[in-house]
Amino acid sequence: MKQEHVLVFPRQKTWDPYKLLGVDHDASEEEINSARNFLLQQYAGYEENEEAIEGAYDKIMMKSYSHRKKSKINLKRKLIKQVEESPSWVKSLLGHFEVPSMDVVSKRFALFGFIAGWSIATSAETGPTFQLALALVSCIYFLNDKMKNLARASATGLGLFAGGWIVGSLVVPVIPAFVFPRTWCLELLTSLVAYVFLFLGCTLVK
């Protein structure tokens, strides 16, 4: 019985994993994956071929992961150092803010995104008065949950609302009219800016 000929991978002893896979050192993950899959298919049937290809792929992925992790750590350290070296008034200001978990951020983003979408969907029929009230109440609720002080939470929420409305009133008229659909009135666009302020405020303010 004739034995099927199996190609031996010529670069299996190459120490550089990038050269072994035949990709550049700045290749994207997609290119690396494509090279790995192509080689595995071309040199299938020989265990040493597959081990060499998979080993090179694993080394590159581990190096990439380690680099990304190190970059994040360095960025975090750099930001911490900048805060520590900032003037006292900057430290005092930053002390009023916090970065919550992604779960909290995503849930509140979904809520305010829904309110914004609701406002846009009904913009041709009624103004966003009810939606604005709902957004403000939601903001105060979230702030009170953190501050445990309804008066302070209400004052902060109203301040965020007023700030968002003022900024929206100043910025929106400057934006060219063709950027937005004709049904989007000034009141709607200003309310969208206010939603952003309320969302950021109830999410980041301590």
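None of these values were measured; they are calculated from a predicted model.
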Same cluster for Phe130 and Leu111 if Ile/Leu/Val/Met/Phe/Trp/Tyr side chains link at under 4.5 Å? yes
Spatial distance of atom CG (Leu21) from atom CD (Glu31) [nearest 0.5 Å]: 12.0 Å
Taking only residues at least two apart or on different chains, which pairs with a member in residues 106-117 satisfy salt bridge (Lys or Arg N to Asp or Glu O under 4.0 Å)? Asp103-Lys107
Could you tell me if the ring centre of Phe197 sits under 6.0 Å from that of Phe161? no
Any side-chain to backbone donor/acceptor pair from Ser64 onto Ile60? Under 3.5 Å, distance only. no
Nearest-0.5 Å distance that lies between atom CG in Leu160 and atom CG in Leu200: 9.0 Å
Atom pair CD/CE of Glu54 and Met61 - distance to nearest 0.5 Å: 11.5 Å
Could you work out, with ring-ring contact (aromatic ring centres under 6.0 Å, His included) as the rule, every residue matching Phe38, not counting sequence neighbours? none
For Gln131 versus Ser119, what's the shortest heavy-atom pair and its separation? CB-OG, 3.2 Å
Is any side-chain heavy atom of Val171 less than 4.5 Å from a side-chain heavy atom of Val193? no
Mind checking whether Phe180 and Leu188 have side chains closer than 4.5 Å, heavy atoms only? no
Measuring from atom CD1 of Ile115 to atom CD1 of Ile120, what distance do you get when rounded to the nearest 0.5 angstrom? 12.5 Å
Residues 153-178 vs side-chain hydrogen bond (donor to acceptor under 3.5 Å, both in side chains), sequence neighbours excluded, gives none
Between Asp16 (side chain only) and Tyr18 (backbone N and O only), is there a donor and an acceptor less than 3.5 Å apart? yes
Spell out, yes or no, whether Trp15 and Ile32 are grouped together once hydrophobic residues are joined by side-chain heavy atoms under 4.5 Å, including indirect joins. no
Tell me which donor-acceptor pairs under 3.5 Å the side chains of residues 133-145 have, and how far apart each pair is, sequence neighbours excluded?
unit_1 : atom_1 : unit_2 : atom_2 : d
Ser138 : OG     : Leu134 : O      : 2.8
Asn144 : OD1    : Asn149 : N      : 3.2
Asn144 : OD1    : Leu150 : N      : 3.0

For a 4.5 angstrom cut-off between non-hydrogen side-chain atoms, does Asn49 reach Gln42? no
Output every pair passing side-chain hydrogen bond (donor to acceptor under 3.5 Å, both in side chains) with a member in residues 184-194, not counting sequence neighbours, ordered by first then second residue. none
Looking only at non-hydrogen atoms, find the nearest pair between Gly157 and Leu198 and report the distance. O-CD2, 3.7 Å
Grouping ILVMFWY residues whenever side-chain heavy atoms fall under 4.5 Å, the cluster of Val174 otherwise contains none
Would a single hydrophobic cluster contain both Val196 and Val104, if residues Ile, Leu, Val, Met, Phe, Trp and Tyr are joined by side-chain heavy-atom contacts under 4.5 Å? no
Taking a hydrophobic cluster as the set of Ile, Leu, Val, Met, Phe, Trp and Tyr residues connected by side-chain heavy atoms closer than 4.5 Å, whether directly or through intermediates, do Val179 and Leu170 fall within one such cluster? no
Spacing of NE2 belonging to His25 relative to NZ belonging to Lys63, to within rounding of 0.5 Å: 6.5 Å
Cluster overlap Tyr195 with Phe109, hydrophobic side-chain contacts below 4.5 Å: yes
Taking atom CD of Glu51 and atom CD of Glu48, what is their separation to the nearest 0.5 Å? 7.0 Å
If you compare all heavy atoms of Cys202 against all heavy atoms of Lys146, which two are closest, and at what distance to 0.1 Å? O-NZ, 3.1 Å
Determine whether a donor-acceptor pair (N or O, by modelled atom type, separation under 3.5 Å) exists between the side chain of Arg11 and the backbone of Lys19. yes
Does some side-chain heavy atom of Met147 sit less than 4.5 Å from a side-chain heavy atom of Val205? yes
